[in-house]
Undergrad: 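The structure is given below, and queries will be raised subsequently.
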Amino acid sequence: QVRLVESGGGLVQAGGSLRLSCTASGIRFSITAMGWYRQAPGKQRELVARFGSRGRTNYADFVKGRFTISRDNAQNIVYLQMNSLKPEDTAVYYCNAETVSAWGQGTQVTVSS
């Protein structure tokens, strides 16, 4: 059974940082394309960052230079380091295992101005 558990969300002031973690189980993590998405109230879920084929990374334009996705294949964890946070980054952030179309429960990130 695939399970993705996110953690690390919270309340932070604009300009601050947070690191999100997603621990995966039930999948062959090292060969699974993983990504982070977010959904703000009243908006569609959108891609934030992802590891694609052959480990290449893709970032949404609105996070380039501020967010970094990384992974620890030994621990089955994918991270999202978020720096220089803005109020518009406020959303529920979801971990996604693309290869098996699985989602985590989400973690709330709130950035105050």
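Counting begins at 1 with the first residue of the sequence. FYI, side chains are in, hydrogens and waters are out, and symmetry mates aren't considered; it's all heavy atoms of this structure. Values in this document were obtained by computation on a predicted structure and should not be read as measured data.
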Undergrad: According to the side-chain hydrogen bond (donor to acceptor under 3.5 Å, both in side chains) rule, which pairs have a member within residues 21-35, sequence neighbours left out?
TA: none
Undergrad: If you compare all heavy atoms of Y59 against all heavy atoms of A49, which two are closest, and at what distance to 0.1 Å?
TA: CD2-CB, 3.5 Å
Undergrad: With no hydrogens and no angle check, is any side-chain donor or acceptor of N96 less than 3.5 Å from a backbone partner on A102?
TA: yes
Undergrad: Once you round to the nearest 0.5 Å, how far does CG of L20 lie from CH2 of W36?
TA: 4.5 Å
Undergrad: Determine whether a donor-acceptor pair (N or O, by modelled atom type, separation under 3.5 Å) exists between the side chain of E6 and the backbone of T107.
TA: no
Undergrad: Can you see which heavy atom on S113 is nearest to which on P87, and at what distance?
TA: CB-CG, 3.8 Å
Undergrad: With Y37, which residues qualify under ring pair (Phe, Tyr, Trp, His ring centres under 6.0 Å), at least two apart?
TA: W103
Undergrad: Between F29 and I77, does the side-chain contact (heavy atoms from CB on, under 4.5 Å) criterion hold? Intermediate values first, please.
TA: CA-CA 8 Å; F29 183 81; I77 300 174; 5.5 Å; no
Undergrad: Calculate, to the nearest 0.5 Å, the distance between atoms CG and CD belonging to L4 and Q105 respectively.
TA: 8.5 Å
Undergrad: What side-chain hydrogen bond (donor to acceptor under 3.5 Å, both in side chains) pairs are there with at least one residue in residues 73-90, not counting sequence neighbours?
TA: S17-N83, R38-D89, R66-D89, R71-N73, Q81-N83
Undergrad: Between I27 and T99, is a side-chain contact (heavy atoms from CB on, under 4.5 Å) present by the stated rule, with each step listed?
TA: CA-CA 9 Å; I27 57 174; T99 312; over 6 Å; no
Undergrad: Report the residue from V92, L11, V12 that forms a side-chain contact (heavy atoms from CB on, under 4.5 Å) with T110.
TA: L11
Undergrad: Could you measure the distance from the CZ atom of R50 to the CE atom of M34? Nearest 0.5 Å is fine.
TA: 11.5 Å
Undergrad: Do Y94 and V78 belong together in a cluster built from hydrophobic side chains that touch within less than 4.5 Å?
TA: no
Undergrad: Enter the distance from M82:CE to Y93:OH here, rounded to the nearest 0.5 Å.
TA: 5.5 Å
Undergrad: Could you tell me the separation between the OG1 atom of T57 and the CZ atom of F67, rounded to the nearest 0.5 Å?
TA: 14.5 Å
Undergrad: Do the side chains of F62 and L18 join up, straight or via other hydrophobic residues, at under 4.5 Å, putting them in one cluster?
TA: yes
